[in-house]
Every structure is written in structure tokens, then in C-alpha cells.
Protein chains: 2
Amino acid sequence: MPSPKDVYIAVIGAGGVGKCFLSQLEGLSKRLSASPRSPKISLIFVSRSKKVHYSQNYTALSYGDLATSLDKSSQEPLALPKIIEFLAAAPAKVVLVDNTSSQDVADSYPSFLSNGISIVTPNKKAFSGSYKLWQDIFASAAESGAKVYHESSVGAGLPVISTLKDLVETGDEVTKIEGVFSGTMSFLFNSFAPTEGSGGKWSAEVKKAKELGYTEPDPRDDLNGLDVARKLTILARLAGLQVESPTSFPVQSLIPKELESVASGDEFLQKLPEFDSQMEETKVAAEKEGKVVRFVGSIDVAKKEVKVGLEKFDRSHPIAALKGSDNIISFYTKRYGANPLIIQGAGAGGEVTAMGVTGDLIKVLERLS
Amino acid sequence: MPSPKDVYIAVIGAGGVGKCFLSQLEGLSKRLSASPRSPKISLIFVSRSKKVHYSQNYTALSYGDLATSLDKSSQEPLALPKIIEFLAAAPAKVVLVDNTSSQDVADSYPSFLSNGISIVTPNKKAFSGSYKLWQDIFASAAESGAKVYHESSVGAGLPVISTLKDLVETGDEVTKIEGVFSGTMSFLFNSFAPTEGSGGKWSAEVKKAKELGYTEPDPRDDLNGLDVARKLTILARLAGLQVESPTSFPVQSLIPKELESVASGDEFLQKLPEFDSQMEETKVAAEKEGKVVRFVGSIDVAKKEVKVGLEKFDRSHPIAALKGSDNIISFYTKRYGANPLIIQGAGAGGEVTAMGVTGDLIKVLERLS
């Protein structure tokens, strides 16, 4: 029989972030079991695309051969309502870790939460979809007492969401949030329009970024600005704005109109050089003012304005001086005055994203036990 | 009768930070009472130097006339053991908020914690005193289950301690921590050795900083480096180093030997111009390398080296580019790689320090109820 302090962990998604998380979970599990006052955590369910691995009687899975067990599993995949049913019947508190970017899983959060299952996740879809889903998620959590944490949905492991929540909950007045929220966009513009030197052609930088693994398989999924718009939606809502969806405010796409409908990412990359002059003009216009161009998102809380797109910055501005694929997020608030509270660092990558998830899990465990 | 979810708050210290905190506490109390699932918090004890205000039967104090009630109070001040006795006998969970910088109060933390009284505080003394006190504090908390949070002991409301804890607890390997940890030192060096322009004489900048309220009444209390050494002690211990005390590693004092023993801060300021050439030489030496000088603290975790003092930085380095009296803290870790996780912003001031305290209180309430 589990003790009342024990917590069961169920993990959906065992890809890039999921693998890193499972490794961090194993470490956490060891540390907790070494401390007599800590809750014992047991991994009882793992799934990945069409594979699932669990035991009907909730016995803990072994970490050692997890990847193999999952690969070789012949268990019938469970539909989401069945997963909820299985976890809701567990003889201990359960935390679902959703390491997917699936809209289907996100849409089921209210159901998980209503059944007392807490959630930690880097999945942006749940918090940047319709405002109704946002409301349903937090209403379900408030009613059942289940927790829901999603630090890694913005800026990966950087303490962005926890900081914004602290500002709001302690009664500060957040006036503006501004920053570079995409590792891909950061890398592209730090190379294309560096503060020193002249940078390469736009299409060449996009190609290089893809080769280095900094873009989605089809780079248009980064260049359309939707990823940044989703993150801005989440932060704006936490700051108190009722943002309807990530398409309900101005988002500048960097995909030339003519290439929006080409069949593949490869064809897109092949034709992109024909449009280099557009981005070059933007870069040169900024240079004439002694500035550099960057792809940023901003939220003006008082004016209730959210926008995503290209802006010009002085070379000495922290946003201009960013390195590699780092994110930077500036919170302007009444208490902090003229100089914002700034958080900066890697905002993408399996290990740092998983770190945000593991950090959230620790916080949920402290609050559940 | 209080419900099991209710929490009593006792506040020691109602000066600069304390006043801001009490105002934030009133706001928090209102927000919590509007939400039926939240714990109810009642302020039951306030003290300031020789004044104390509380009721023997633990009834909630009113915020409206708190300052006056405290001023006019004729209640006999309670010694610390009596305060502990009073709070330990309360019919609900108690959180002590220590807004002093008192070593005496800090020395009593193990007693408070052993009696089940949780603590939130910006007081550096408890965590940067002897290593034995540090051990006693966390052993007492672990045994009783009481919580102890001290975000504002480093960088005021900036999420410095919570971020370091997250890095460590999720299994990242922190290799180096570096930054500007003093608002006073930040202001002094940003004016004395700006990245653009030439800055003023050292003694004139110290005088100006004092006039603007950026220094302690006797500026030597900032210039001796001890405040920074205390913060480094706390971070180093959280990173796993067994630092004996803030005087157990190299700390560079900016007080000329000859002025260490002059009677007053005023006399110090009067004689400081005679020693301007020392700091000027340091500044010019840095300029010759195209650099600026800054007062920083650093922790090399692998080498177990902690140090505080002057260092030279490229003008484009984030530490050089700091503005006003901002702090900056860079965490270099295995997961974050070459580019550190950086946190920057105001690291001093009543409102932002109190914000760290209120944020901690919210976290304790979530974990207690």
C-alpha cells in the first residue's frame, strides 16, 4: 500500500524533452528516496506515440530499461479518456507530465485536473489555445485542488513564468513585458544582423540554422511567428489580459507571401534567396539609424496591446547584445521602475526545457505532500 | 477557532522593508480572503525596536492603524524566548517574518523552527553567519517540518535563490556564479567608471551616493565588501560549498587602511579625497586595456574558490553595461553551457526587497495548507 505522502508519476511523450526529463526524474527519485521526510515518487506510466508501458496494478516501472521496455511493449495504446480513468483510480496522488506538444492532450487537461490529477508540462498549446480552454484548466484545478505548472512553456527552464506570477501575486503592477522569446529567431538575427560586423544573407542564415538543428524541420514553422505569439499569449494572460488566441493580435510573419504555400520546407529554402532583398532592406534601414533589427514580442499591459514582429534596437540595448540562441525577457513594473527585471539565457534545448519541468514537479510535490 | 488551513503571521521589524512588507501583506490578505479555497492569514504580532503590538488571545490586528498602534503601544517588549513561547502556543500554524538585520533574531531561528514556526526573511545574518548556525537552521526545519525561505537575502526580490535551488535540485551542475551583488557598489562603479565618458573622482562619487541614499549611514559599511561577502557565502553554501563564514575567503576592502579607524562616516568622507589616486590608478589601468573596473563577487564551485573584489571587464560585458544601482547575477552551469543564465535588475530598495519576502510567504502558505 502506498503511504499518503507517495506520489505516482505518469509521463506522456518520451522524445527530446521527454528523454531528458526521464533521466532527471530518475535522479530526483534517488535523491528523494534518500531523505526520509520526502515523498516517494513512483513512475507508473510512460507513453510515446503509439507505445505505452505501465502495469495494471500501479507497480513502479524500472528506469534502467525504460527505453527498451517502451520500444518492445506490446501493450495496447490507451486513448486519453482511458488514461484518465486509469490514473484517477490510482491508490495515491498522481502527477501527469505531458512532454508532448499535442493539442489533443492539452484539450484533456480539464478532465485530468477535475479527476484530481496534477499536471506539469512544457506544452504551450494548453495555455495559448482558446481563452475558454485556459479558463477551464484553471477552474478545474481550483475546484479539485490539483496543481498545474508550466514554467517551460515560455523560455524553457528560465524562471519566466514563476517570476511573472510572483510579481502579480505580490501586488506589483506589470506595465510592459518585452523580449526575444524564440531561440531560433535569436540565433537567426544575432547572425544576420550582428552588433559588430555585417552578417550573412538572410536565406543563408536560415539554411545554416536549419543545418545546425536550430529550426523546425520546415523552417516556416519558426518564421511564421506563431511560436512567439503563443508564448506572448501565455504571458499576457498571466499579466491579466484576456487574450482570445495567439492569432488575435498582430503577428509579423517572415515568410514571403509567395512562399507560404510551396509544398515543402526544402522547396521553401530553395526559393528563399529570391526574397533576400526584403530582409536586406530592413537590415540596412536599421543600420542607417545605427541600430540592428531583432524579432521581438511585447505586451503593453495598460494599453492591452500585444504584438510580435521586427523592431530596431540600439547596438548597446540588451536585446541587441544577445548571444547565440539565448532568450531575453524584460519585465517593466511599477516597483522596478525605469530599469526592468531581466532574465536571460538558453530558452530552448532538451535539458533546460526538462529542467523547467522537473523544477515544476518538485514544486508540485512540495504542495501535494 | 481558527480552521486548520489558517495561518498566523508575526512580524519583527517595521522599518523601511518592514513597512513595505506590511502594506504588501495587507494586499495579500485581502486577495486571499476573496478566494474561498485559500488559507486565511491573520497578522497577530508586530514589533519594532522597543515597541510591540499583539493580543494575548491571538486575535488579528487591524492593518488600518497599525503604525499608530505600534507607536502608541505601551505593551512590555518581549524577549526572543518569550516571543517564541507566545507563537509556539498559538492555535494555528505560524510564520515569522523577520524584517530586521539583527544577528540576535537570526541566532534564534533554530528555536523558532524547532517549535514549528516557519520563517521568511531578507535577513542575511542567519545564512551567512557561522556554518554551524546554517546547519542548525536547516536541521531544525527538516525535523519539525517548518519552512524557511530567504529569497531577499541576495538580490532583494530578484529570483536568485529560487533559481539556484532549482538548478541544484533538478540535478544541474553549477560551475560558476559571478555578478554584481551590491546596489551601492553598482551605482558607484557605473558612475566612477562608465562604459562611455570618463566618470568622476572616486571620493566625489562616494559622497554623491551617500547624499542620494545609496549607501549606509557610514559608507564604510558598504565599502568594506562584507555585504557582498555575506551574499556570496549564502550562494556558495546553496551551491554545495561548506563556507565557514563571510571572512573565510578573500574579500577586497575599498577602505584605505589609513581611514579604517577614523571615528565617523563624515570624517571618512572628508579625508577620502586624499586617497583618490589609488582608485584612479586602477581605473586608468583598466582603461588602457579598453576595459572598465567593477566590484564583483564570484564562486568557482569546482575549485571551491569564493572571492570578492575589483575586476576588469570588457565594455561590452553584461557586468560592465549595468545601469543605475542594478544587480546582475550569472549562473554558469553544465546544462546552460557557454552562455550563462542571467538575472538582472534592482537588487535593493524597500518595495522590491519586501516583494521577495511576500513571494516567499506565498510559497510557504501553499506548502503549509
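Just the heavy atoms: all of them, side chains too, but no hydrogens, waters or symmetry mates, feed the values below. Every chain is numbered from 1 and lettered A, B, ... according to where its sequence line falls, protein lines coming before strand lines.
For chain B, the nearby parts of R335(A) are the backbone and the side chain; heavy atoms of each come within less than 4.5 Å. For A346(B), the parts lying under 4.5 angstrom from a heavy atom of chain A are both the backbone and the side chain. Using a 4.5 Å cut-off between heavy atoms, I328(A) makes no contact with chain B at all. Residue contact with chain A, scored on non-hydrogen atoms closer than 4.5 Å, is absent for L25(B). Of the atoms belonging to I362(A), it is side-chain heavy atoms, and not backbone ones, that fall under 4.5 Å from chain B.
Considering only heavy-atom pairs separated by less than 4.5 Å from chain B, the leading option among N339(A), T163(A), D166(A) is N339(A). Taking G27(B), A321(B), S316(B), G145(B) one by one and counting their heavy-atom pairs under 4.5 Å with chain A, the maximum is reached by G145(B). With respect to chain B, the highest number of heavy-atom pairs below 4.5 Å among E143(A), E366(A), R367(A) belongs to R367(A). Of the residues considered (E169(B), K323(B), K147(B)), E169(B) shows the highest number of contacts with chain A, using heavy-atom pairs under 4.5 Å. Most heavy-atom pairs under 4.5 Å with chain A: of the set K334(B), R315(B), M355(B), K165(B), this distinction falls to M355(B). With respect to chain A, the highest number of heavy-atom pairs below 4.5 Å among A142(B), G350(B), G324(B), G345(B) belongs to A142(B). Chain A forms more heavy-atom pairs under 4.5 Å with one residue of N327(B), T358(B), V357(B) than with any other, namely T358(B). Between chain A and the options D172(B), V352(B), I343(B), the largest number of non-hydrogen pairs under 4.5 Å is found for V352(B).
Side-chain contact between L341(A) and Q344(B) is absent, with no heavy-atom pair separated by less than 4.5 Å.
Between the CG atom of D326(B) and the CD1 atom of I342(A) there is a distance of 7.5 Å, given to the nearest 0.5 Å.
The neighbour count for E289(A) CD, taken as heavy atoms of other residues, nucleotides or ligands under 6.0 Å away, is above 12.
Across L158(A) and Y336(B), no two heavy atoms sit closer than the pair N-OH, 3.5 Å.
Residues passing the side chain to side chain contact (heavy atoms under 4.5 Å, CB included) test with S162(B) are E151(B), P159(B), sequence neighbours excluded.
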